[in-house]
Every structure is written in structure tokens, then in C-alpha cells.
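Structure record follows, encoded as C-alpha cells.
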Amino acid sequence: MPPRNKPPSAVGSSLWRHRNFRRYLTGQAASVAGSSITQIALPVLAVLHLDATTAQVAWLAFLGQLPPALLALHAGALADRHSKRRQMITGDLVSAAVLATVPVSAALGTLTLTQLMIVAVVQGTASVLHDAAAISLLPGLVDRSMIQRSNSRVGTLFAIAATGGSHLGAVLTAMGGPARALLGDVASYLISAGYTARIQAPGRVRARPETRRLREEIGEGLRYVYGDDRLRTLTLVNATTSFALGLLNTLWRCTC
């Protein structure tokens, strides 16, 4: 019998009892930590092993951040059309595969700055596809009444994972070199893909007319966001913050 002071829906509603949410959180936290390792190791690798100039490091950072700026809307529309889990897993596996080429090439002595730039673009594209699907998958994993709490847990753990990943990246870079340190991020993508594959609530894919174009869906989403005062404000704040953080991240990599 549920306690008198609590509604029946609140009994046993701890997020940690939701297996799918735990799997989601574990996989995404591992991916965030791994990405922080790459943010530390990649510019060090470019400077120490390839004698990259400040301008070249800046271009490397810019190319890595270009796909989210150009493809975020398209990735969101694709996540709405297709399986979110499949899109997340595909993004993880592509990122792991392309990033794994860097330590292999470094070991063979064939690594070039051009390869790093291509890796940055491909990984950035795969990451934005993954992230768009991950954001839209979360509301389908928990009850509507728990969405606020789940977002809070996700934000907190991601912040901890990003900080821990940065420290781990520094340690791995110092001990094994920047190229080998990237293997930590490769492992994180595989962990993320594995936990995502175990999620048993893939989310519903809404039926779409075959004649519906992707740009029409993007336009519909933009109009919806613009028509809601809260969503419009949040979007503008997040876009401004992301732009500023992107500038700071680029400058930070150039001073490494």
C-alpha cells in the first residue's frame, strides 16, 4: 500500500530504478568523457608530432565545430524520421572507426595534418547526428513527470564526465603520448554504442509522407520554436552561449 502522503505514481519513481535510463546515462557519460580526452590530445598531437602552426590548429578546431553549425537542424529532422537508437549507434561507430585511424597512422609514421582535419570533420558530423538523436530519445525513456529530474541528472553527470575526461586526457597524453590517448575516446564510443544497443525503448518513429522533404520539416520545426516565447528565448541563449564557447575553445587550443 503506497504511503498516504505520496501519490501512487510517485512510489518507486526513482530514476535509478529505470534500467533504460541507466543505460542511456552510462553510455552518454562515457562518450562525453571520451570527447574531453580528444579535446586535450588532438591539438597536442598536431603541434608536437606534426609541427602545426597556430593557424593550422585554429583550422583544426574550426573544422571540428563546423558540422554542428551546419547540420544540427538536418540531424534533428533525421532523428524524427528514423530510429533514434540506430542513429546514435551509427554515429558512435563511425566516430570510433575514424578516430582509430589516427593512432594507427601515427604508429606507422604516415599521419598528416590533412588526415587530422578530415577526422575532425567526419567525427563532428557523426557526433551531431548522435547528439540530435540522443536528445530526442531521452523523453521516451522515462515518465513525463520525471523529465525535469532526468535532465537535471544528465546535466550534472555530463559536467562531471567532461571534467574527469579532461583530467584523464591530460594524464593519458603525458604517459602514453597524444596519439595513444585517443584510444580512450575510441573506447568511449564503443561503450556508448554498446549501452545504447541495450536500451529496450527505442522510441517511436512517426510516420511521414514519402513526398515530405527534409527542408519542409526543418522549416516546420523552426516556425514552431519561433512561435513559442520560451523556446525562442532558450534557443537564442543556447546558440549565443555555444558560439562564445566555440570561440573560447578555439583560442584555448591555439595556445596549447
Side-chain angles (χ1 to χ4, degrees), residues 13-38 67-68 70-100 119 121-162 165 184-210 212-214 217-218 220-221 224-225 238:
S13 60
S14 172
L15 284 169
W16 307 117
R17 296 183 181 180
H18 290 255
R19 184 177 302 173
N20 288 326
F21 178 75
R22 292 200 310 268
R23 291 170 176 171
Y24 173 91
L25 199 60
T26 302
Q28 300 313 298
S31 181
V32 169
S35 297
S36 296
I37 294 175
T38 295
L70 297 179
L71 302 176
L73 296 176
H74 300 78
L78 287 174
D80 198 33
R81 281 186 170 192
H82 306 291
S83 168
K84 297 174 179 60
R85 282 200 318 155
R86 188 177 304 168
Q87 185 167 319
M88 291 169 64
I89 294 170
T90 300
D92 283 331
L93 295 180
V94 170
S95 293
V98 71
L99 194 61
V119 168
V121 172
V122 175
Q123 186 181 7
T125 302
S127 294
V128 73
L129 290 172
H130 170 277
D131 293 345
I135 292 172
S136 57
L137 176 66
L138 179 58
L141 299 181
V142 297
D143 188 78
R144 187 179 182 86
S145 62
M146 299 181 184
I147 291 179
Q148 183 176 358
R149 278 191 293 159
S150 65
N151 284 329
S152 176
R153 301 293 191 281
V154 168
T156 300
L157 188 58
F158 279 16
I160 295 173
D185 196 9
V186 174
S188 77
Y189 283 121
L190 297 178
I191 292 173
S192 176
Y195 273 95
T196 301
R198 296 175 62 193
I199 294 175
Q200 297 176 355
R204 296 178 181 176
V205 179
R206 292 191 297 173
R208 295 284 185 180
E210 293 183 1
R212 191 77 176 273
R213 295 183 178 180
L214 194 63
E217 295 185 20
I218 294 174
E220 179 184 335
Y224 179 81
V225 171
N238 288 334

Set of residues satisfying side-chain contact (heavy atoms from CB on, under 4.5 Å) with respect to [X], sequence neighbours excluded:
| X | answer |
| --- | --- |
| Thr26 | Tyr195 |
| Ala134 | Tyr24, Gln28, Met88, His130 |
| Ala100 | Val186 |
| Leu157 | Leu25, Ala29 |

Please report the C-alpha distance between Leu129 and Val94 in whole Å, then the side-chain angles of each, then the deciding distance to 0.1 Å, and finally whether the side-chain contact (heavy atoms from CB on, under 4.5 Å) criterion is met.
CA-CA 11 Å; Leu129 290 172; Val94 170; over 6 Å; no
Nearest non-hydrogen partners of [X] and [Y], listed with the distance:
| X | Y | value |
| --- | --- | --- |
| Ser31 | Asp92 | OG-OD1, 4.4 Å |
| Pro139 | Ser136 | CD-O, 3.5 Å |
| Leu93 | Ala193 | CD2-CB, 4.0 Å |
| Leu141 | His18 | O-ND1, 4.3 Å |
| Gln123 | Asp185 | NE2-OD2, 3.4 Å |
| Pro67 | Val128 | O-CG1, 4.4 Å |

Apply side-chain contact (heavy atoms from CB on, under 4.5 Å) to residues Tyr189 and Ser127 and explain how you reach the verdict.
CA-CA 10 Å; Tyr189 283 121; Ser127 294; 3.8 Å; yes
Contacts of Ser36 that satisfy side chain to side chain donor-acceptor pair (under 3.5 Å) - sequence neighbours left out
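Checked Ser36 against side chain to side chain donor-acceptor pair (under 3.5 Å); zero matches.
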Using the side chain to side chain donor-acceptor pair (under 3.5 Å) criterion, which residues pair with Ser95? Sequence neighbours excluded.
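Partners of Ser95 under the side chain to side chain donor-acceptor pair (under 3.5 Å) test: none.
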Does the Ser152 side chain pair with the main chain of Gln148, one donor and one acceptor, at a distance under 3.5 Å?
no
Short side-chain to backbone donor-acceptor contact, Arg198 and Arg23, under 3.5 Å
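It does not hold such a pair.
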Run the side-chain contact (heavy atoms from CB on, under 4.5 Å) test on Ser188 and Ile37 for me, step by step, so that the C-alpha distance in whole Å, both residues' side-chain angles and the decisive distance to 0.1 Å come before the verdict.
CA-CA 10 Å; Ser188 77; Ile37 294 175; over 6 Å; no
Atom CD1 of Ile191 and atom OG1 of Thr196: how far apart are they, to the nearest 0.5 Å?
11.5 Å
Drop me the distance from Asn20's CG to Arg85's CZ, to the nearest 0.5 angstrom.
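Going from the CG atom of Asn20 to the CZ atom of Arg85 covers 9.0 Å.
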Are the side chains of Leu99 and Val119 in touch, meaning some heavy atoms are under 4.5 Å apart?
yes
Within 6.0 angstrom of Arg86 CZ, more than 12 heavy atoms from elsewhere:
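At most 12 heavy atoms, drawn from other residues, nucleotides or ligands, come within 6.0 Å of this atom.
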